[in-house]
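Report on the following structure.
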Amino acid sequence: MAHELNSHRSPSATALDRAVANDLADGSSRYPERTAFIDADEPHAGREITAALDAGYAVVLVSANGREHILTAEAPAA
């Protein structure tokens with residue numbers, strides 16, 4: 001039986017639900033192993049992104065229309 005996602009949840013929660021469902025269905029993920037899902041229009045998104053990256057997580061920034069951007073921390077080039 002297919003599970004229907006709750007459309008009243010935040011964009012990041014919906015994206016996370018979809019990611020988990022896809023991972024369970026086929027065993028592979030398009031996201032890095034440690035990933036935080038953050039709503040782009042969240043008032044404190046910048047702080048959340050910084051905290052997640054500092055903690056070693058990749059970030060999936062999700063806009064209200066469902067568009068996703070994957071952010072990762074990289075050391076600056078020397």
Side-chain angles (χ1 to χ4, degrees):
M1 177 188 292
H3 174 71
E4 192 165 322
L5 299 177
N6 181 345
S7 63
H8 291 73
R9 298 187 67 201
S10 72
S12 64
T14 301
L16 177 59
D17 287 347
R18 188 172 39 255
V20 170
N22 289 341
D23 288 356
L24 292 174
D26 65 19
S28 64
S29 177
R30 64 184 214 115
Y31 304 106
E33 186 172 321
R34 293 180 49 164
T35 303
F37 287 74
I38 298 173
D39 291 317
D41 61 355
E42 178 69 30
H44 302 289
R47 281 189 239 159
E48 292 181 27
I49 292 166
T50 300
L53 293 174
D54 286 349
Y57 286 80
V59 171
V60 175
L61 189 61
V62 186
S63 65
N65 67 2
R67 188 166 185 188
E68 300 176 4
H69 296 279
I70 299 174
L71 311 173
T72 57
E74 294 184 21

[X] [atom1] to [Y] [atom2] distance, which is reported to the nearest 0.5 Å:
{"X": "E48", "Y": "L53", "atom1": "CD", "atom2": "CG", "answer": "11.5 Å"}
{"X": "D39", "Y": "L61", "atom1": "CG", "atom2": "CG", "answer": "8.5 Å"}
{"X": "I38", "Y": "S10", "atom1": "CD1", "atom2": "OG", "answer": "11.0 Å"}
{"X": "L71", "Y": "T50", "atom1": "CG", "atom2": "OG1", "answer": "10.5 Å"}
{"X": "I49", "Y": "D54", "atom1": "CD1", "atom2": "CG", "answer": "11.5 Å"}
{"X": "E42", "Y": "S12", "atom1": "CD", "atom2": "OG", "answer": "8.0 Å"}

Shortest non-hydrogen contact from [X] to [Y]?
{"X": "A52", "Y": "A36", "result": "CB-CB, 3.9 Å"}
{"X": "T35", "Y": "V59", "result": "CG2-C, 4.5 Å"}
{"X": "I70", "Y": "P32", "result": "CG2-CD, 4.3 Å"}

inquiry  = Strictly distance-based, threshold 3.5 Å: is any side-chain N or O of R9 a donor or acceptor partner for the main-chain N or O of A15?
reply    =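 No, R9 side chain to A15 backbone: no donor-acceptor pair under 3.5 Å.
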inquiry  = Walk me through whether R18 and E68 qualify under salt bridge (charged side-chain N to carboxylate O under 4.0 Å, His left out).
reply    = CA-CA 12 Å; R18 188 172 39 255; E68 300 176 4; 3.5 Å; yes
task = Take atom OH of Y57 as the centre, draw a 6.0 Å sphere, and report whether it contains more than 12 heavy atoms from other residues, nucleotides or ligands.
result =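 Atom OH in Y57 is not crowded, with 12 or fewer foreign heavy atoms closer than 6.0 Å.
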